There are 2 protein chains.
Amino acid sequence: MTVTLADVAARAQVSPATVSRVLNGNYPVAASTRERVLKAVDELDYVLNGPASALAAATSDLVGILVNDIADPFFGIMASAIQSEIGGPGGRAGGERLAVVCNTGGSPERELTYLTLLQRQRAAAVVLTGGAVENEPHAAAVAAKLRKLTEAGTRVVLCGRPPTPDTRAIALAFDNRGGARQLTEHLIGLGHRRLGYIAGPRERTTTRHRLEGHRDALAAAGIEDDPRRTVHGHYDRRSGYEAALELLRRDPDLTAVVAANDSVALGACAALRESGLGVPRDISVAGFDDLPFSIDAVPSLTTVRLPLAEAGARAGRIAMGREEPPPGGIATVRGELMVRGSSGVPRAERAAR
Amino acid sequence: MTVTLADVAARAQVSPATVSRVLNGNYPVAASTRERVLKAVDELDYVLNGPASALAAATSDLVGILVNDIADPFFGIMASAIQSEIGGPGGRAGGERLAVVCNTGGSPERELTYLTLLQRQRAAAVVLTGGAVENEPHAAAVAAKLRKLTEAGTRVVLCGRPPTPDTRAIALAFDNRGGARQLTEHLIGLGHRRLGYIAGPRERTTTRHRLEGHRDALAAAGIEDDPRRTVHGHYDRRSGYEAALELLRRDPDLTAVVAANDSVALGACAALRESGLGVPRDISVAGFDDLPFSIDAVPSLTTVRLPLAEAGARAGRIAMGREEPPPGGIATVRGELMVRGSSGVPRAERAAR
DNA sequence: AACGTTGCAGCAAGCGCTTTCTGCACCCAC
DNA sequence: GTGGGTGCAGAAAGCGCTTGCTGCAACGTT
């Protein structure tokens, strides 16, 4: 029923081995023979059986990309960049690999199950993006899985995710801590002293690192870190909206709000505006990531730009073995402070001048 | 080196056949035996070899999701919904299927190659999202490919994409034409008579349908459709920015701009604002899709909400055979007009009152 | 002229699983 | 006590491909 290698071989009057070699192009085949085979392939509309060849060759052309939330452009941008380097059809890479993105939804179990599924498919490489969960048993389970994968020859790259010790995984980590620190320093430099912070979910490395950077800056400026000025939520707009209201309730005199990311910041802006506060006139707001829509917000968002596409592309190349991994298998990717319209000198400061 | 079924069988003192049956659960196995096998699986940390089982069983648990641009939330949201229904780990579905999203980048060739790759992997189902390219040879090639896929037993579902005749593909098409018409009717109802339109790329069905809806509304209101009031671009912010400037250059007296989608609309807003025009004071703007950020724009965007998540979920269920396909294999999904801050009564109209 | 070399094609042995068919107990009914 | 079920496990034949090895011309070398 379905066309097989043997059918092609028969038609081209050669052995199946020869057809296989023509298709894989890793063995000398006379030009005339090759042509005959290709003609037969074309005429029969033959499509290689992936599973069979993966089984025989003990490798596959599948590359997995794990993301926390595919509906979030933060991950979409990275995934897109990774995929374009992986090859997939038309990518820069030569071979045709099936780059597939798997949506974990931030769930540790799903993450693990996807890794198992990819292991089962004998994936050629796996790229994990985004922050990790800081839950000891889970982290250990993931580390163990990654170790197994690398041992089986699968290349593992972490993109925007902290290194996993005792694993041969390559890590390109974002300098969330440093970026957050710069951002808060910028606000402090403008004269802000009462800053609220809307953090992401607890137990995520990204959340912790950004929060630490914020606190570093406060500490360096000798500003007391009132725990009441920090609220935890999710990495989405809605969380930002609610958290901003909560912060305002706790301290109506806040002059700035730093958000865990841009979506959160935009939600916060909406809440502040609805509370009758002008941004940045009455209160400054800052985000993180610099997603495309941030520049379009009114006022445009002060934030930290993370080179998502560049990092993704690099991760993709490393996963394909087309770029040397960084020394030690670990590289830090820095962000860049983008000062825009949503941050300004606090009201009191202006009055004093 | 790697653990195989036979190893597990040896350890559990049963035949490989029994182990296979325990793992697949589609054949009676005595409880005591099953337990012994599972114990051995656990102890050896056995992971099934996907390619091998796919080869032997002539089926695989791979489900492909094709998207035009994974960095665009429009596709991200649909992909996420589809994936959650496909199962993947933790999804509602029982079986563990690997739902993979493939980024075509809007390129017809890549689309075709991905389909071949999925065919090669003997995918269980394929979901294609987003508008199709209206290029005759390409459309025919895709149709042929889809036919092959369905013939081979792969379920094919089109989500937010027009039906493909002569194919057994199920189609859930968005009513782009109707939505666009409603939107423009709304603006006309407010009193607008000089409307600019920023269209998407030519040759895409979505672009054409939305444009047709817009023109339908104009025609119904007896407004002449000046071709100079339509500019084509891409479905991104930047295009919107540039196109808006171009439209203004061509006719400074425009009172409204309708954009191909929300990102384009936001880009247009930015351009208008920078040109000194207030939205909606001087000029109204409308988008399409109602992506999450649209409500956050200032002013919030008047647009047409497309039930992306619902449609995606439904497509996913159909792909999994867990929901009956619509009669005739074709269903139309309607959008809903969302009137918000970016559209208002035109200036002249207000003055006249 | 005899003997390596080289270049290309075929043979055949798997890769690790699924599944049909066969086989063996064991139980029930007559 | 025998014949026919019934319930479970095993033997073995592939699934469609890759690849190490062998084979055989045709060529170059001394």
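Because the structure is a prediction, the values reported are computed rather than measured. In what follows, chains are A, B, ... by sequence order, proteins preceding strands, each numbered from 1.
- When the nearest nucleotides of DNA chain C are assigned to B:Pro16 and A:Leu55 by heavy-atom distance, the more 5′-ward of the two goes with A:Leu55.
- Regarding B:Leu5, its CG atom lies at a distance of 13 Å from the P atom of D:dG10, rounded to whole Å.
- Atom-to-atom, CG of B:Asp61 to P of C:dT18 comes out at 11 Å; the value is rounded to the nearest Å.
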Derivation of the salt bridge (Lys or Arg N to Asp or Glu O under 4.0 Å) call for B:Glu43 and B:Lys39 = CA-CA 6 Å; B:Glu43 288 169 355; B:Lys39 182 150 165 285; 3.2 Å; yes

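- Partner of B:Ser107 under the side-chain hydrogen bond (donor to acceptor under 3.5 Å, both in side chains) criterion, out of B:Glu111, B:Arg110, B:Glu109: B:Glu109 alone.
- Comparing D:dG16, C:dT20, C:dG16 against the side chain of B:Arg21 picks out C:dT20 as the nearest.
- Distance, A:Arg122 CZ to C:dG16 P: 8 Å, rounded to whole Å.
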For side chain to side chain contact (heavy atoms under 4.5 Å, CB included), just list the numbers for A:Ile70 and B:Val101, CA-CA rounded to whole Å, side-chain angles, deciding distance to a tenth of an Å, and then say yes or no.
-> CA-CA 10 Å; A:Ile70 202 179; B:Val101 0; 3.6 Å; yes

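- Distance, A:Tyr27 OH to D:dG20 P: 9 Å, rounded to whole Å.
- In this structure, CG of B:Asn49 is placed 18 Å from P of C:dG14, rounded to the nearest angstrom.
- Residue whose closest nucleotide on DNA chain D sits further toward the 5' end, between B:Ala56 and B:Arg34: B:Arg34.
- Between the CZ atom of B:Arg36 and the C1' atom of D:dC8 there is a distance of 12 Å, given to the nearest Å.
- Residue B:Ala58 is classed as having no contact, given no heavy-atom separation below 4.0 Å to the nucleic acid.
- Atom CG of A:Leu48 and atom P of D:dG16 are 12 Å apart (whole Å).
- The side-chain contact (heavy atoms from CB on, under 4.5 Å) test with A:Phe75 is passed by exactly one of A:Leu66, A:Ile65, A:Asn68: A:Asn68.
- Regarding A:Asp7, its CG atom lies at a distance of 14 Å from the C1' atom of D:dC15, rounded to whole Å.
- One finds a side-chain N or O of B:Ser20 lying less than 4.0 angstrom from the OP1 or OP2 phosphate oxygen of C:dT18.
- Phosphate contact (OP1/OP2 of C:dT18, side-chain N/O of B:Asn24, threshold under 4.0 Å): present.
- Note on B:Thr18: every side-chain N or O is 4.0 Å or more away from OP1 and OP2 of D:dA9.
- Taking only side-chain atoms of A:Thr33, from C-beta outward, the nucleotide of D:dG16, C:dC8, C:dG16 with the closest atom is C:dC8.
- Here B:Ser15 does not reach the OP1 or OP2 of D:dA11: none of its side-chain N or O atoms lies under 4.0 Å away.
- Considering only side-chain atoms of A:Asn26, the nucleotide from D:dT19, C:dC17, C:dT19 that sits closest is D:dT19.
- Rounded to the nearest 0.5 angstrom, A:Leu62 CG and A:Leu98 CG are separated by 5.5 Å.
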